[in-house]
Amino acid sequence: AQKITQTQPGMFVQEKEAVTLDCTYDTSDPSYGLFWYKQPSSGEMIFLIYQGSYDQQNATEGRYSLNFQKARKSANLVISASQLGDSAMYFCAMRGSGGNEKLTFGTGTRLTIIP
Amino acid sequence: DAGVIQSPRHEVTEMGQEVTLRCKPISGHNSLFWYRQTMMRGLELLIYFNNNVPIDDSGMPEDRFSAKMPNASFSTLKIQPSEPRDSAVYFCASSGVFDQETQYFGPGTRLLVL
């Protein structure tokens, strides 16, 4: 069984500062994928970034980067130079191997950017 | 390009009524997913299809829920009869052959069963 743990229910960060959202995972699958999604107050789920378990380098997408530490089973999201529009819920998710494409989600972290 | 399209966006119904949620995946995508989001249970997969065939329906709560995918561009999730505990946001997502790693979500249907 797969499990995603997000231990920060809420975070407050000053605008323009960097922020790290924590995510740890547990799986017995030999290969897997890790995702981060953003859910603003309007409710849609926006894909941010993906990391494959065999990828040698940490994924980056603009201001988003994923700090992947396989031995520690962590996949933290780093947002650089935070903006007011970054205020939202952030979900970490995992997809296992074996042909099952199902995503398992964490409970989310509510990020609030303070001007 | 159009993203995943869901309808209706909001649905209010009374207990016992039938509810049908609709989804049009991104053109060319071959996998379609139905998720439900509630405060108590978070985001959970209900069912997913690959090439119109149901692959994993282990998350479907009970016989009151059914899902179909008659063709590559359309899927429905039906609740009959609906109950207040079915109130939630229902998301449809799709992923493609050449981008199987990423699921793209629709805007969701917010369902309230009174």
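In this text, all values refer to a predicted model and were calculated from it rather than measured experimentally. So you know, we letter chains A, B, ... as the sequences are listed, proteins then strands, and number each from 1. Hydrogens, waters and symmetry mates play no part in the numbers below; they use all other heavy atoms, side chains included.
Note: Tyr90(B) OH to Glu11(B) CD = 11.5 Å, rounded to the nearest 0.5 Å.
Proximity to chain A is absent for every atom of Ile55(B), based on heavy atoms less than 4.5 angstrom apart. Proximity to chain A (any heavy atom under 4.5 Å) is restricted, for Gln37(B), to the side chain, taken from C-beta onward. Neither the backbone nor the side chain of Gln51(A) comes within less than 4.5 Å of any heavy atom of chain B.
Under a cutoff of 6.0 Å and an axis angle of 45°, Lys102(A) and Tyr35(B) do not form a cation-pi pair.
A salt bridge does not link Glu61(A) to Lys38(A): none of the charged side-chain nitrogens sits closer than 4.0 Å to a carboxylate oxygen.
Under the 4.5 angstrom side-chain criterion for Ile, Leu, Val, Met, Phe, Trp and Tyr, the cluster partners of Leu34(A) are Ile4(A), Met11(A), Val13(A), Val19(A), Leu21(A), Tyr25(A), Tyr32(A), Trp36(A), Leu48(A), Ile49(A), Tyr64(A), Leu66(A), Phe68(A), Leu77(A), Ile79(A), Leu84(A), Tyr90(A), Met94(A), Leu111(A), Ile113(A).
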